Amino acid sequence: MTTSQKSHDSSTSAASTLRLYDTASHKVGPFAPIRDGEVSIYVCGATVQSSPHVGHIRAAVAFDVVRRWLTRLGYKVTFVRNVTDIDDKIIAKAAAAGQQWWERAYKYEREFTRAYDALGVLPPTYEPRATGHILDMIDLIQRIIDNGHAYVLPDEEGNPSGNVYFDVASWPEYGALTHQESGTIAADDSAAVADRMGPSIDEAGDDKYNPTDAADRSDQKHDPRDFALWKAPKDNDPETARWQTPFGVGRPGWHIECSAMSHRYLGDSFDIHGGGLDLRFPHHENEMAQSHAAGWGFAKHWMHSAWVTQKGEKMSKSLGNGLAVTTVLSEQPAWVVRYALASVQYRSMLEWGDQTLQEASSAYERIGNFVERAGAALGSQPERTEVEAMSAEALPEDFVSAMNEDINVAGALATIFASIRSGNTLLSQLDDKLDDESQLETLRRSLLQIRAMLDVFGLDPLSDQWVNGSSTGQDDSQQNVLDALIREQLDARAKARADHDFAKADAIRDALSSAGVLIEDTPKGSSWSLKQ
């Protein structure tokens, strides 16, 4: 998709009817950017502790569709997606694997990038790493302290300990993002499901989906709700994961990172803050509080994508039901996986299974057959530049209306397939009169619109992404062969373990490791990836 965009008058264009759901207001309402003709977006990216699974990539695809639609509406979009490259899990897993923490983070950052590329997710305008913005975080923390909304815990000798906490009691607006007042009604069924499943300040008890930072459980905090802005290092933290600050040696708390990075690239205020539903609380709630306490307007609008589920459970490594992107892509074409991930509205839960992939495969056949037949009838295909240049105003009204109603994917896809049915009817009529210029022009216009609508979802089958394939390091046939061979070894290892022949199981593991294959065991079985 092209990044060059014409300026437009958003008050008279298709953009004027765009409506989006806002998590904070709990309503679907008109969207108007801070600066006419421009939209600024910050989306929380990956914590690069291990390989990506399709649950991770769903959020990336969801916001990629939002971004593509905003661009199609004529907006100049600045899109920031961060990388969290230091946290407790990264440090712990690196130590267990005999790695440097930054080595592990970079390895899996590259895996995420390859997954994004393979599934056609547009590169962000900026992709900052947390560790590249330590000075921004220190300045922000000092600003919050100076404003009277944070405190530094002293050590036993009265010196700064490295532990800094946000003082929730000093900020009466805390809870503005997720707190639901009595009688508040969700805008629709998707919002109601999100409220039931998504972490919230109103929910008590442990949250299996979003455990709190260990630093936030300190009994030295002034208030149980207070959260860490900066935290003293643990005894086993490496020296390379410690920074000297005015409030003591330590490393950043989780929430301060995104406030600092969004401000660096988007300023005091920006249009949309996005992320997965599981980030709503405490991460985004805390981001909002600390950024406002610093005196910034921060995010005008909040959007949260729902989860990929399996049998109603959120897909996650902690629950043992994650499907590695490499595994999924070894079994299905990337276009089919992208379609499956993009085929439901961003706020709707996506149940992952054979039926979802079968429906995506069927869609691929229907779309591919029409595009190929139409091109053959016309003698050529519209150029990609023509597809990219087609504005929202030139697309079918039903498609625009659906996308402008909070990215109503179901309605938009219905318009695409209705257009394909009409196109197939036209093709049948043309079988006996291919010299009818008027009919041929109608067919060409229909084909161009269909490809442009598909391009909104990153699914134009004739884009370079799908014609040439993305750079994944291997073609599909090589990946399929490699996966089959390794799976055979993993099955033999599983049988050996079941038979208590642990010597044989260890020998298989060691042989695979020597060949450069990394095995990860979960309650649901073993997965593999290539060592980097």
Side-chain angles (χ1 to χ4, degrees), residues 20-23 26 43-66 81 84 89 112 115-116 119 121 177-178 180 186-203 205-212 254 272-285 302-325 327-328 337-357 359-360 406-410 457 522-524 527:
L20 296 174
Y21 181 81
D22 180 61
T23 305
H26 225 195
V43 173
C44 286
T47 298
V48 286
Q49 56 172 298
S50 53
S51 298
H53 58 64
V54 294
H56 295 130
I57 303 303
R58 191 273 166 101
V61 170
F63 284 102
D64 188 58
V65 172
V66 173
R81 183 185 65 218
T84 296
K89 289 183 178 179
F112 270 87
Y116 296 143
L119 291 170
V121 176
L177 177 63
T178 55
Q180 303 302 318
D188 53 30
D189 290 343
S190 293
V193 171
D195 285 343
R196 289 196 300 272
M197 297 186 71
S200 169
I201 190 174
D202 296 330
E203 297 295 327
D206 292 336
D207 173 16
K208 66 181 178 181
Y209 293 140
N210 196 26
T212 57
W254 175 29
I272 297 172
H273 195 316
L277 177 63
D278 49 342
L279 300 179
R280 189 174 65 170
F281 183 84
H283 186 46
H284 288 167
E285 186 72 73
W302 291 84
M303 298 178 71
H304 290 90
S305 61
W307 296 323
V308 174
T309 60
Q310 287 183 302
K311 299 180 180 178
E313 286 284 278
K314 176 195 171 190
M315 184 176 289
S316 67
K317 287 189 177 295
S318 62
L319 295 178
N321 59 0
L323 286 176
V325 173
T327 301
V328 173
V337 177
R338 165 104 189 186
Y339 183 95
L341 292 171
S343 62
V344 300
Q345 190 224 29
Y346 71 97
R347 288 194 292 118
S348 297
M349 300 294 174
L350 171 59
E351 179 67 17
W352 192 263
D354 291 341
Q355 180 178 347
T356 302
L357 292 168
E359 290 172 355
D406 196 31
I407 319 297
N408 179 356
V409 169
F457 294 97
T522 74
K524 296 289 185 178
S527 62

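One is the number of the first residue; the rest follow in order along the sequence. This is a predicted model, so every value here is computed, not measured.
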Under the side-chain contact (heavy atoms from CB on, under 4.5 Å) criterion, do K89 and T47 qualify, and how do the steps go? CA-CA 9 Å; K89 289 183 178 179; T47 298; 6.0 Å; no
Mind running side-chain contact (heavy atoms from CB on, under 4.5 Å) on V344 and V409 for me, showing each step along the way? CA-CA 6 Å; V344 300; V409 169; 5.8 Å; no
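Contact record, Y21 with M303: O-CG, 4.1 Å, taken as the closest heavy-atom pair. For the residue pair A115 and P52, the shortest heavy atom distance occurs at CB-CG, 4.0 Å. A340 and L350 make their closest contact through O-CD2, 3.4 Å (heavy atoms, listed as atom of the first residue, atom of the second, distance). The shortest heavy-atom contact between A342 and V65 is CB-CG2, 4.3 Å. In terms of heavy-atom proximity, S50 sits nearest to F112 at O-CE1, 3.4 Å.
The aromatic rings of W302 and H273 lie parallel to each other, their planes meeting at an angle below 30°, with 60° marking the opposite boundary.
Checked against side chain to side chain donor-acceptor pair (under 3.5 Å), S305 has no partners two or more places apart in sequence or in another chain. Looking at residues two or more places apart in sequence or on another chain, you find a ring pair (Phe, Tyr, Trp, His ring centres under 6.0 Å) between H304 and H284. Contacts of V121 classified as side chain to side chain contact (heavy atoms under 4.5 Å, CB included), with partners at least two apart in sequence or in another chain: A60, V61, D64, R81, Y116, R338. Here V337 pairs with L119, V328, L329, Q332, L341, W352 under the side chain to side chain contact (heavy atoms under 4.5 Å, CB included) rule; sequence neighbours left out. The salt bridge (Lys or Arg N to Asp or Glu O under 4.0 Å) search around R58 returns none, not counting sequence neighbours. Y339 pairs by the ring pair (Phe, Tyr, Trp, His ring centres under 6.0 Å) definition with W335, not counting sequence neighbours.
One finds the CZ atom of R347 at 10.0 Å from the CG atom of N408 (value rounded to the nearest 0.5 Å). For the atom pair OG1 (T23) and CD (E285), the distance works out to 11.0 Å, reported to the nearest 0.5 Å. Distance check, rounded to the nearest 0.5 Å: CH2 of W307 to CG of L277 gives 5.0 Å.
When atom types are taken as modelled, the side chain of T356 and the backbone of E351 share a donor-acceptor pair closer than 3.5 angstrom.
Between S343 and E359 there is no side-chain heavy-atom pair separated by less than 4.5 Å. A heavy-atom distance below 4.5 Å is found between the side chains of I407 and L20.
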